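Below is one structure, written out as structure tokens, with a few remarks after it.
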Protein chains: 2
Amino acid sequence: MARNKRHVEQKIKKEEIELVAMQLLKEQGYDNTSMAKIAKAAGVAPNTIYWYYENKDDVLIAVLNRVVAQAMVAVLALQNEPLKERVLKLIEQVESAGSLMTDVHSRVSHSNTVKEWHDRFHSMVEQLSISEMIRAGLDKSEAALDAKMLIYVIEGLLAHPHDLAERDLIVSQALKRIFN
Amino acid sequence: MARNKRHVEQKIKKEEIELVAMQLLKEQGYDNTSMAKIAKAAGVAPNTIYWYYENKDDVLIAVLNRVVAQAMVAVLALQNEPLKERVLKLIEQVESAGSLMTDVHSRVSHSNTVKEWHDRFHSMVEQLSISEMIRAGLDKSEAALDAKMLIYVIEGLLAHPHDLAERDLIVSQALKRIFN
DNA sequence: ATCTATTCTTGAATGGCATTCAAGATAGCG
DNA sequence: CGCTATCTTGAATGCCATTCAAGAATAGAT
């Protein structure tokens, strides 16, 4: 039952589809990226995608994982920079994914898989944010609340257009308010 | 060319459709509420709705205006209560509209009309929020930034599920941070 | 080299959706 | 009574995600 080569090719094809899907989803958003569009761009028949993925939301999740991994790398590279810089980098990274994050929020109510991904992602970010708060000297009892606040401010910045300067101002203000 | 009675009946029918649409949209969200569903619930043919509204997003906007008007009444009734109570009331009101506000954000990228409604709504809320901040003794130069922060925290609370106690805690913390 | 079972691909449905169109019904007015 | 503006509808149209059944390709067994 060995099937070596096949498995390798599988990975490659899946990766191709994922890369194409990532580009389209980032550029045109979830609703404007039909399975047919992805298929055409990947050079396969629309239903071929269904051999590799359960459904469209599954493709979305695969793409999200790539986007998040990329963003994490970019942000973790700034390990020693001040918090503000890292927050701004995070926003910049996620913003480069276009409306993908907003799309996630709107798919949460349709797809349980997406909801689970979203919840896991949120608690991960929350944990990270809380340790930042504590590391920066905040009282443990308040760190969780402040972390949530900061995350919501970031989400607000992502959901609504802001130029760089304004974004910088708002993040600065938020951090100033949190750390007195 | 007089056409008195007709105009009256028009208003009534439009109102009927709007009420039905409001209930469905609030309960089931934008995507799970098809025009056919609204039509059936209103006892008309699907395409009849198109005589009264340009398209589905137009129906959404009519419903949004109703929802916002209702919320404004409820919040303004608490004119003399502390800010925190009014914020909590606002959240409670908007939350009673189910996923409608999230739906708005996801329609913004599809429909220019919805985008315009959203932008107008946002600047209205922002103005209100800024005057609250100033009224509460905040420095004018910072009021705008703090107002945005508060709005984003509220949006975060609306977009993600929280029980009453947690919501209360987060709002309290946000206000505490803003007002030292 | 041939056969077989698995893996992969596809053309052609299916059912749902928003929206449009052209034909018909209704009702106020001359 | 007939004319015109208003209102309603059945029947398209075209797009979408998803499914199905049939076919092509291939790794390994004989």
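Letters go in sequence order (proteins before strands), and every chain restarts at 1. These numbers were taken from a predicted model, which means no experiment stands behind them.
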Response to the item:
Atom CD1 of Ile17(A) and atom C1' of dT9(C) are separated, to the nearest Å, by 11 Å
Worksheet item: With no hydrogens and no angle check, do the side chains of Trp117(B) and Asp57(B) hold a donor and an acceptor under 3.5 Å apart?
Response: no
Worksheet item: When the distance from CG of Asn55(B) to P of dT19(C) is rounded to whole Å, what number comes out?
Response: 5 Å
Worksheet item: Do you see a donor-acceptor pair shorter than 3.5 Å between the side chains of His122(A) and Glu155(A)?
Response: yes
Discussion item. Using whole Å, what does the distance between atom C1' of nucleotide dC17(C) and atom NE2 of His110(B) come to?
Written reply: 13 Å
Discussion item. Show the nearest heavy-atom pair for residues Val59(B) and Met35(B), with the distance to one decimal.
Written reply: CG2-CE, 4.3 Å
Worksheet item: If you look only at pairs with a residue in residues 70-114 of chain B, which of them pass as a ring-ring contact (aromatic ring centres under 6.0 Å, His included), with sequence neighbours excluded?
Response: His160(A)-His105(B), His105(B)-His118(B)
Worksheet item: Tell me: CG of Asp57(B) to C1' of dA18(C), nearest whole Å?
Response: 10 Å
Worksheet item: Side chain of Thr48(B), backbone of Val44(B): donor and acceptor closer than 3.5 Å?
Response: no
Discussion item. Expressed as a whole number of angstroms, how long is the span from Ile49(A):CD1 to dT18(D):P?
Written reply: 10 Å
Worksheet item: In residues 23-35 of chain B, what residues come within less than 4.0 Å of DNA chain C, judged by heavy atoms?
Response: Thr33(B), Ser34(B), Met35(B)
Worksheet item: So is Lys13(A) actually on top of Tyr52(A)'s ring, under 6.0 Å and inside 45° of the axis?
Response: no
Item to complete: Could you check how far CH2 of Trp51(B) sits from C1' of dC21(C), rounded to whole Å?
Response: 17 Å
Worksheet item: What's the NZ-C1' distance between Lys13(A) and dT10(C), to the nearest Å?
Response: 11 Å
Practice prompt. When you get a sec, tell me which of dA17(D), dC8(C), dA18(C) is the closest nucleotide to the side chain of Tyr52(A)?
Written response: dC8(C)
Worksheet item: Tyr50(B) side chain: which of dT18(D), dA18(C), dT10(C) is closest?
Response: dA18(C)
Practice prompt. Would you kindly give the NZ-to-C1' distance between Lys37(B) and dA18(C), to the nearest whole Å?
Written response: 15 Å
